[in-house]
Chemist: 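What follows is a structure written as C-alpha cells; I'll ask about it next.
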Amino acid sequence: MSIGHLPEALVRFDRVTKRFAPDVVALDEVSLNVRAGEVVVLLGLSGSGKSTLLRQVDGLQQASSGTVTVLGSDVGKARGTEARALRRRIGFVFQQFHLVGSLTVLENVCTGALGRLRCPRLGLFSYPKRVRREALRQLERVDLAERAFQRADTLSGGEQQRVAVARALLQRPEVLLADEPVASLDPESAAQVMRLIRDISVEDELTVLCSLHQVDLALSWGDRVIGLRCGRVVLDAPVQGLRRDEAMSVYARVGVDPDAVLATTG
Amino acid sequence: MTRASTRPPAQPEPAKTLAPPSRRGSAALLVILAVLGVATWAFVDLRINVATVVDSANNAVEFAARMFPLDMPPLGELLRLCGQTLAIVVCATLLAVLLSIPIAVLAAGNTTPHKSARFGARGLIVLARAVPDVVLAIVFFRIFGLGAMPGVLAMGLHSVGMVGKMYADAIEQIDERPRTAIRAGGATGAQELASGVLPQVLPAFVANALHRFDINLRISVVLGFVGVDGLGYGIATAFRKLDYQRGMALALVVLVLCVLVELISGAIRRALLRPTDRRAPRPAAGRTPRPRADRISPQWTPKRVRRALYVAVTALVVAASVWGAELSPARFLAALGGLDTTLGLFWPPELGALLPSLLADLWVTIKIALAATLIGAVLALPIGALAARNVAPSDSVAATFRGVVVLIRGVPELVLAIVFVVITGLGEVAGALALGVGAIGLLGKLVADSLEEVDPGVELAMRATGASRWQVFFAGTVPQAAPAFVGHLLYQLDVNIRSATLLGIVGAGGIGFHLLNASRVLEFGVVTTVLLLVFGTVLVVELIALWLRRVVR
C-alpha cells in the first residue's frame with residue numbers, strides 16, 4: 001500500500017473538546033498530530049479520555065468543538081456514505097472483542113468486509129466467496145485458520161482478540177485503532193496479541209493508535225507515548241529516551257502514589 | 001493458546017470457505033422448516049385472506065347496527081363488576097406468587113436441595129402450564145360451586161406455570177458472589193436465601209407478578225363464559241340473551257380496563273427493572289444533613305416515604321381483594337370433603353363415539369394456533385424491530401411502535417375474537433385472526449426486547465468497519481437475537497394452542513366448543529378427554545421447543 005501521496009499528518013486533532021453533559025468534559029482542547037506509520041500509545045487513568053479520543057478518530061463519537069482530520073477528511077463533517085467510507089479505512093480493535101458468539105470465526109472476520117459490500121448480509125446467505133477466501137487468509141495471519149468454522153464463543157479471550165484483529169485487517173485499513181486491546185487478557189495472551197499487532201502494523205505499514213494501561217509494555221512497544229489526564233494531553237514524547245518515572249507521572253494524582261494507583265487499575 | 005502457535009499447513013487455493021453442516025443444526029433447520037410449512041398450509045387451508053374478510057363486510061355492518069347505541073349498566077353496577085373482576089385477578093395472582101416462590105427455589109439449579117427435587121419442581125411447572133385454565137375452572141366449578149373461588153384457583157394454579165418458571169430463571173441468573181460471602185459468614189440455608197438471593201431477585205419477582213396480573217385480567221374475562229364472576233360473566237350473559245348493546249358496552253369497559261392496567265403495570269415494571277445508576281451520586285453539599293451519631297435506620301427521605309406508601313397501598317389492595325372475592329375457607333374445606341365423588345365424575349375419560357369428532361376439532365385448534373402464530377410473526381417481526389431503540393431509525397419511531405405494541409397487548413383476545421366473529425362470522429378464521437393480531441402484543445414486545453438485549457459492542461464494532469445501518473442489522477443484530485426469536489415463536493405457538501382452545505368457547509372454532517358443551521350437559525368424561533388431548537398437544541410442543549432451544553443457541 002502506498003502512503004506517499006498522503007499528507008504527513010494522518011491524524012490531526014485541532015483543539016478538540018468533547019462534553020457528555022455540560023459539566024462532564026472528556027476531552028479538553030486536545031491538539032495533536034500523528035504521522036503516517038507512527039505507532040502511538042495512549043496512557044492514562046480510566047476516565048482520562050483515551051477511549052473518547054480514539055472514538056473521535058473514526059467518528060463513532062462527534063466532537064463538541066474543534067476539528068478532527070483523518071486521512072485528509074474532516075471527521076466532523078463526514079456524514080452517511082462519506083463517514084462509512086472513512087471508517088472502512090480505519091480498523092478498530094476493542095477491549096471486549098465484540099464478536100458475535102453464535103457465528104463462526106470466519107463469518108465474524110467476514111463482517112470486516114461489510115464496508116465495501118453493497119448488500120446487507122441476509123442471514124440465510126453467507127458472504128461472497130472471494131470475501132470468505134480473503135478472510136481465511138487473514139485468519140492464517142493471526143494463526144487461527146484451523147478454528148475458522150468453530151463458534152466464536154468457544155475460543156479463549158486471546159484467540160477472540162486475534163479474530164477481532166483479523167476482522168479489522170479484512171477492512172484493508174490504513175489506520176489501526178486499538179482501545180485497551182489486552183486489558184481483559186492474561187499476560188501471556190496479552191504479549192502474543194501485542195506482538196501480533198506490532199508485526200502486522202510493520203508488515204502493512206499501518207499507523208497505529210493504541211491505548212494501554214501497562215507503562216512497561218507501552219515503553220517497549222510503541223514509538224511515541226501520549227499521556228492523558230482529565231481530558232488533557234499531559235505528556236507527548238517519543239519512547240526513545242523516555243524514562244519510566246516520566247511515563248508514570250501520567251498516573252499521578254495529588255497525594256496519591258502512582259504505583260498504588262496502577263495496582264488498583266491493573 | 002499453545003494449539004494456535006503451530007501454523008496450519010498452507011491450504012490449496014480453492015480452500016473450503018463454508019462451514020460443514022452439523023447434524024444437529026440440519027435437524028433443527030428441518031424441524032423449523034417443517035413447522036413453517038405446516039403453518040403456511042394451515043393458513044391457506046383455513047381460507048384466511050382478504051376476500052373472506054371483504055365478503056363478510058355486510059355482517060359487520062349489520063352487527064354494528066344492532067350494537068349501537070351501547071348500553072352501559074348503571075355506575076354502581078359497573079363499579080361492582082370491575083371491582084369483582086379485579087379482586088379475583090389480584091387473589092389469583094397472589095396465589096400464584098405464593099405457590100411459585102417455594103417451587104422456584106426447588107426448581108432453580110443453584111438453590112435446589114437435590115437434583116430430584118429440581119426435576120420434580122420443573123415437572124410441576126410444566127404441568128401447571130400445560131393444563132388450560134379454562135379446564136381447571138370447569139373442574140373447580142364442579143368441586144366448589146359457582147362464585148369467585150374456582151376462578152381464583154384455576155388462574156392461580158395455571159399461572160404457576162409461567163410465574164414459577166420466570167422466578168426459577170431469575171434465581172438462576174443471580175450473582176453468586178454475595179451469597180457465597182454470606183455462606184462464608186456462617187449463615188444457614190434460609191438466611192442465605194433471605195439475604196443473598198431475595199434482594200437480587202425481588203425486582204424480577206414483582207415485575208413478573210405484575211406481568212401475570214395483566215395476563216390474568218384478560219383471561220378472567222374469557223373465564224366469565226364458563227361462569228367466573230365479574231365483567232366476563234356480564235358479557236357472556238348479555239351475549240346469551242342476544243343483548244349486543246350491553247355486551248359490547250361491557251367489552252369496551254374491559255378494553256379500557258386492560259389498557260389502563262397494562263400502562264400502569266408497564267410503568268412500574270420499567271422503573272423496577274431499570275439498571276441502577278452505577279455512577280456514584282454527586283456529593284451535594286448541605287442537602288443531606290449529617291445523620292445523628294445514634295441513628296441506626298435510614299432517614300425518612302421523600303424516596304423512602306414513597307416506597308413505604310407503595311407497600312402500604314399494595315397491602316391494602318390485597319386485603320380488599322381477598323375480602324371482595326368472598327373466599328371462604330370453610331366452604332373450601334367442606335368441598336374438599338366431597339372431593340373423591342366429584343373427581344369420580346371426571347374419570348374415566350369419555351372415549352366413545354365422540355372421539356373422531358374431538359380429534360378433528362383438535363386438529364382445527366392446532367391449525368388455528370399455527371396460522372395465528374404465522375400471522376403474528378409476519379406482523380410482529382417488523383413491528384418489534386421498529387420498536388427496538390437500537391434498530392429503529394430514530395427514538396421517536398421506536399417510542400411510537402412501542403406504544404402500538406402496548407396498545408395491542410392491552411386489547412384482550414376476547415374482545416378481538418368478538419370483533420372478528422362479527423366480521424367473519426363464527427368459526428376458525430375469526431379465531432386465527434384474533435389470535436394472530438393479538439400475538440403482536442406479546443411477540444412484538446419479545447422481539448423488541450431481544451433486539452435491545454444484544455451486545456451493543458458488536459454493533460459498534462460493525463459500525464467501525466464502515467457498515468451501513470442495514471448491514472449492522474443483518475450481520476450484527478439479527479444473528480445475536482435469532483435464537484431468542486426461535487424461542488419466542490415457539491412460546492407464542494404454545495400460548496396460541498391454549499388460547500385457541502379458550503376462544504373455541506366463544507365460538508371461534510376448534511375443540512373449545514366441545515369443552516363448553518360438555519360442561520353444560522354435565523358430560524365430565526368428555527371434559528377429561530379434551531383436557532388430555534390439549535395437554536398432550538401442548539406437551540409435544542413444549543418438548544420440541546425444549547430441544548430446539550438447546551440446539552439453536
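Below, read A as the first sequence line, B as the second, and so on, with proteins coming before strands; counting in each chain starts at 1.
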Chemist: From the options B/Val458, B/Asp455, B/Val454, select the one residue that forms a side chain to side chain contact (heavy atoms under 4.5 Å, CB included) with A/Val100.
Modeler: B/Val458
Chemist: Specify which of A/Leu117, A/Leu177, A/Thr104 makes the most heavy-atom pairs with chain B at under 4.5 Å.
Modeler: A/Leu117
Chemist: Ignoring hydrogens, what is the shortest heavy-atom contact between B/Ala475 and A/Thr111? Give both atom names and the distance.
Modeler: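 Closest heavy-atom pair between B/Ala475 and A/Thr111: CB-CG2, 4.3 Å.
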Chemist: To the closest 0.5 Å, what do you measure between CZ (A/Arg55) and CG (B/Leu460)?
Modeler: 5.0 Å
Chemist: Does any heavy atom of chain B fall under 4.5 Å from the side chain of A/Arg167, the backbone, both, or neither of them?
Modeler: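 Side chain only.
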Chemist: For A/Leu86, is it the side chain, the backbone, both or neither that has a heavy atom under 4.5 Å from a heavy atom of chain B?
Modeler: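 Answer is neither: A/Leu86 stays 4.5 Å or more from chain B.
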Chemist: Looking at A/Arg87 and B/Arg463, what are the two nearest heavy atoms and their distance?
Modeler: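 Closest approach of A/Arg87 to B/Arg463: CD-O, 3.0 Å.
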Chemist: Judged by atom type as modelled, is there a donor-acceptor pair below 3.5 Å linking the side chain of A/Gln171 to the main-chain atoms of B/Gly466?
Modeler: no
Chemist: Under a 4.5 Å heavy-atom cut-off, does chain B meet the side chain of A/Leu99, its backbone, both or neither?
Modeler: backbone
Chemist: Between A/Ser102 and B/Pro479, which heavy-atom pair has the shortest distance, and what is it?
Modeler: OG-O, 3.4 Å
Chemist: Taking atom CZ as the centre, does A/Arg198 end up with more than 12 heavy-atom neighbours from other residues, nucleotides or ligands that are less than 6.0 angstrom away?
Modeler: yes
Chemist: Output the option from B/Ala464, B/Pro456, B/Ala467 having the highest count of non-hydrogen pairs under 4.5 Å with chain A.
Modeler: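 The residue among B/Ala464, B/Pro456, B/Ala467 with the greatest pair count is B/Ala464.
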Chemist: Rounded to the nearest 0.5 Å, how far does CD of B/Glu459 lie from NE2 of A/His98?
Modeler: 10.5 Å
